[in-house]
Amino acid sequence: MLDSHDHSDRIAEILEAHQGLEGPLLPILHAVQEAFGYIPEAAVPQIAKALMLSKAEVHGVVSFYHDFRSAPAGRHVLKLCRAEACQTMGADAVADRIKKALGIGWHETTPDGRVTLEPVFCLGLCACGPAAMVDGRLVGRVDEGVLAEVAK
Ligand code: FES
């Protein structure tokens with residue numbers, strides 16, 4: 001995605017705020033994502049330079065951790081649990097129906113920018129599976145009805 005905004009001033013502030021911290025990369029990346037909703041591509045060389053790391057090292061960390069996005073999410077983020085306990089409760093079939101209803105796959109956003117669909121691996125709600133998280137809120141025993149919550 002073309003990143004037309006210049007985020008460098010805000011990123012410089014974030015870098016400054018984390019100066020002297022031991023192991024600062026993850027807190028910096030969290031702060032950048034908090035500020036913009038994702039990690040802008042241009043942030044990678046700026047962070048790498050400030051921390052005296054290579055761009056590849058920073059990029060590797062960004063892509064290793066699924067919590068970091070490389071593009072802005074939709075207005076709603078629907079996370080569906082894909083781990084064992086939820087699978088035994090039919091999570092795969094529910095996920096298939098939800099993907100079909102939305103017309104998107106994992107890590108994708110509907111063309112109208114309404115919903116981003118993400119897999120998650122256990123939300124600690126194993127007794128009430130299939131579990132989901134809608135905009136940060138936990139939901140148990142989900143089926144396609146959960147789509148009503150992301151209809152706007
Ligand atoms: S396995 Fe789905 S919440 Fe734990």
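Atoms within a ligand are numbered from 1 in the order they appear, just like the ligands themselves.
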(request) Check whether any side-chain N or O of T110 sits under 3.5 Å from a backbone N or O of V115 as a donor-acceptor pair, and report yes or no. (result) yes
(request) Taking only heavy atoms of C122 into account, list the atoms of ligand 1 that are under 4.0 Å away from them. (result) 1 (S), 3 (S), 4 (Fe)
(message) For a distance under 2.8 Å, tell me if C126 has an N/O/S atom near atom 4 (Fe) of ligand 1.
(response) yes
(message) I'd like to check V32 versus F68 (side-chain heavy atoms, cut-off strictly below 4.5 Å). Are they in contact?
(response) no
(message) If the cut-off is 4.0 Å to any non-hydrogen atom of G124, which atoms of ligand 1 fall inside it?
(response) 3 (S)
(message) Out of all atoms in ligand 1, which are within 4.0 Å of some heavy atom of C81? Include the element for each.
(response) 1 (S), 2 (Fe), 3 (S)
(request) Consider ligand 1: state whether an atom of it lies below 4.0 angstrom from any non-hydrogen atom of G129. (result) no
(request) Say whether, by atom type as modelled, one donor and one acceptor occur between the side chain of T116 and the main chain of G74 under 3.5 angstrom. (result) yes
(message) Between R69 and Q33 (side chain of the first, backbone of the second, donor and acceptor by atom type, cut-off under 3.5 Å), is there such a pair?
(response) no
(request) Please work out which of the three classes, parallel, tilted or perpendicular, describes the rings of H7 and Y38, given edges at 30° and 60°. (result) perpendicular
(message) Suppose I only count heavy atoms of A85 and a 4.0 Å limit; which atoms of ligand 1 are within that range?
(response) 1 (S)
